[in-house]
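Basis for what follows: all heavy atoms, side chains included, without hydrogens, waters or symmetry-related copies. Since the structure is predicted, the reported quantities are computational estimates derived from the model, not experimental observations. Within every chain, numbering begins at 1; the chains are lettered A, B, ... in the order of the sequence lines, protein sequences first and strands thereafter.
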2 protein chains.
Amino acid sequence: MRLLLIEDDASLREGIRTALKSEGYTLDSLSDGLQAVHALQHEVFDLVLLDLGLPGLDGLSVLKTLRADGKATPVLILTARDAVTDRITGLDSGADDYLIKPFEITELKARIRALLRRSAGRANSQLDLGILRLDVNSQSVFFQEAPVSLTRREFALLHELAHQPGHVFTRDHLQQLLYGWDDDVESNALEVHVHHLRKKLFPGLIRTLRGVGYALDKDARP
Amino acid sequence: MRLLLIEDDASLREGIRTALKSEGYTLDSLSDGLQAVHALQHEVFDLVLLDLGLPGLDGLSVLKTLRADGKATPVLILTARDAVTDRITGLDSGADDYLIKPFEITELKARIRALLRRSAGRANSQLDLGILRLDVNSQSVFFQEAPVSLTRREFALLHELAHQPGHVFTRDHLQQLLYGWDDDVESNALEVHVHHLRKKLFPGLIRTLRGVGYALDKDARP
DNA sequence: GCGCAACCTTAAGCCAATATTAAGCGGCCC
DNA sequence: GGGCCGCTTAATATTGGCTTAAGGTTGCGC
């Protein structure tokens, strides 16, 4: 899961970063509204954390632009202003939830989980692919009804692929999913994770598209 | 067990808090109806204590919203108004029980126990996992028929895990169970409790899912 | 078939997550 | 008010995942 945080207070940014990292999310952050609009137009995120009081272009405008572009990405507003009108404006402009600063990190985490669950298309957080079953809440995987223990990265990767079996995900897309922009992954880490998944499940599960990326083979059998 | 108290009288809130703390419950409290609706939509509680006379959004509306969202969480109404119509409206709106102020704390405790027992769907408050047996009323645990003395936190933790052996509970979930929102647990308290449980019972009982949480291993033996 | 590029496999070191241990604090019972 | 018990915190140890790099293998164009 890849989140974008738009917040100009550097220390708050760092706090949120460390908190969310431990949850297994990939977090990219920006401090400026214009950059945010640009990023949202050119990259794909699963959820946006948006501060309303931004320098440059303010948060509400970022939100409105996002919606005007037809994106349904869930947006969680963070605001120091607790005036009712602000919340309402935010929600009317297409935000999905709001949180008033200062807030508890555990509450932030809970809200994020709720939004992601909701946007995943409803209550049960299970992904059933016949032979394979993923449970997002507990990050657990069942293969032929037997539990398989995956690490966080492995799970994140499988989860993305499982979202649309058969669809080809480019290497670039998957690398961004796992690492965001921060790191310049000049290594084959992605390939290693793919390897581990094939080993823990079965080799044919993930198909390689040479020079392009990977896809889950929905009809593959062990 | 995590309870939510919605009550605008601060002193009553504090009284209930200390009383229930000693019973081993985790209590979060709010004084405002709107906040309550929000909390109930985004978090999970085992029981709600609801004052009918609230500022902002009144208690009945909170209750109706909760039920409209399809939640079956037990609700115990606290009200100063003892008019028969009020009670009836409350029960009709989906409350499970009511208590008229002023009430005895012991009575509150008894009602809470009864509601929780009822909602757990079993008459007797014993949880039998073969090798392990928990008695919720007396907060006692038997391991291979021998009594084991657990502290409140240890019991609460084990109880939650025992609710669904094999199911993975996230660290976050367990921390909220033990501490609610109040404390900023920036420590490894949860891990320490897990450690103590493993020591008093046996190491294999609780399985660690790195980066995710813990689960009771139902087939584990000492 | 040859050679290159893309990808796979393996293993080792580093680092973060969790376990362990111990000490200090605070409430509660006598 | 003193002592005990449980809870939290902190410091240290250990485990296990992540990354990296090196060498092997496969597929593809010529």
How long is the line joining [atom1] of [X] and [atom2] of [N], in whole Å?
X: A:R171; N: C:dA5; atom1: CZ; atom2: P; value: 15 Å
X: B:Q175; N: D:dC7; atom1: CD; atom2: P; value: 15 Å
X: A:L20; N: C:dA17; atom1: CG; atom2: C1'; value: 17 Å
X: A:Q139; N: C:dA17; atom1: CD; atom2: C1'; value: 14 Å
X: A:R198; N: D:dT25; atom1: CZ; atom2: P; value: 17 Å
X: B:H193; N: D:dC5; atom1: NE2; atom2: C1'; value: 14 Å
X: A:E154; N: D:dC18; atom1: CD; atom2: C1'; value: 10 Å
X: A:R207; N: D:dG27; atom1: CZ; atom2: P; value: 15 Å

(message) Quick check: on DNA chain D, is the nucleotide nearest A:L178 upstream (toward 5') of the one nearest B:S149, or the reverse? Name the residue that is more 5'.
(response) B:S149
(request) Would you mind telling me which residue lines up with the more 5' stretch of DNA chain D, B:L150 or A:K200, judged by nearest nucleotide? (result) B:L150
With respect to the phosphate group of [N], does any side-chain polar atom (N or O) of [X] fall under 4.0 Å of OP1 or OP2?
X: B:T208; N: C:dA17; result: no
X: A:H195; N: C:dT9; result: yes
X: B:Y179; N: D:dT8; result: yes
X: B:R210; N: D:dT15; result: no

(message) Any side-chain to backbone donor/acceptor pair from B:K101 onto B:L78? Under 3.5 Å, distance only.
(response) no
(request) Output yes when a side-chain donor or acceptor of B:D128 lies under 3.5 Å from a complementary backbone atom of B:R133, and no otherwise. (result) no
(message) Assess, by modelled atom type and distance only, whether the side chains of A:Q139 and A:R152 contain a donor and an acceptor separated by less than 3.5 Å.
(response) no
(message) Under a 3.5 Å cutoff, is there a donor and acceptor pairing between the side chains of B:T208 and B:R198?
(response) yes
Considering only [options], which nucleotide approaches the side chain of [X] most closely?
X: A:N188; options: C:dA19, D:dT8, C:dC8; result: C:dC8
X: B:K199; options: D:dT20, C:dT10, C:dT21; result: C:dT21
X: B:T151; options: D:dT19, C:dT21, D:dC7; result: D:dC7
X: A:V192; options: C:dT21, D:dT20, D:dT9; result: D:dT20

(request) Could you check whether B:R153 gets within reach of a base, just the sugar-phosphate, or nothing at all, counting any heavy atom under 4.0 Å? (result) sugar-phosphate
(message) Does A:Y214 reach a base, just sugar-phosphate, or nothing at all? Heavy atoms under 4.0 Å.
(response) sugar-phosphate
(request) Provide the closest heavy-atom pair for A:S29 versus A:R17 in the form atom of the first, atom of the second, distance. (result) OG-NH2, 2.9 Å
(request) Hey, can you tell me if B:F169 and B:H173 have their rings parallel, tilted or perpendicular (30° and 60° cut-offs)? (result) tilted
(message) Heavy-atom nearest nucleotide on DNA chain C for B:H196 versus B:L209: which residue maps closer to 5'?
(response) B:L209
(request) Using the closest heavy atom to pick a nucleotide of DNA chain C for each, name whichever of A:R152 or A:V212 lands nearer the 5' end. (result) A:V212
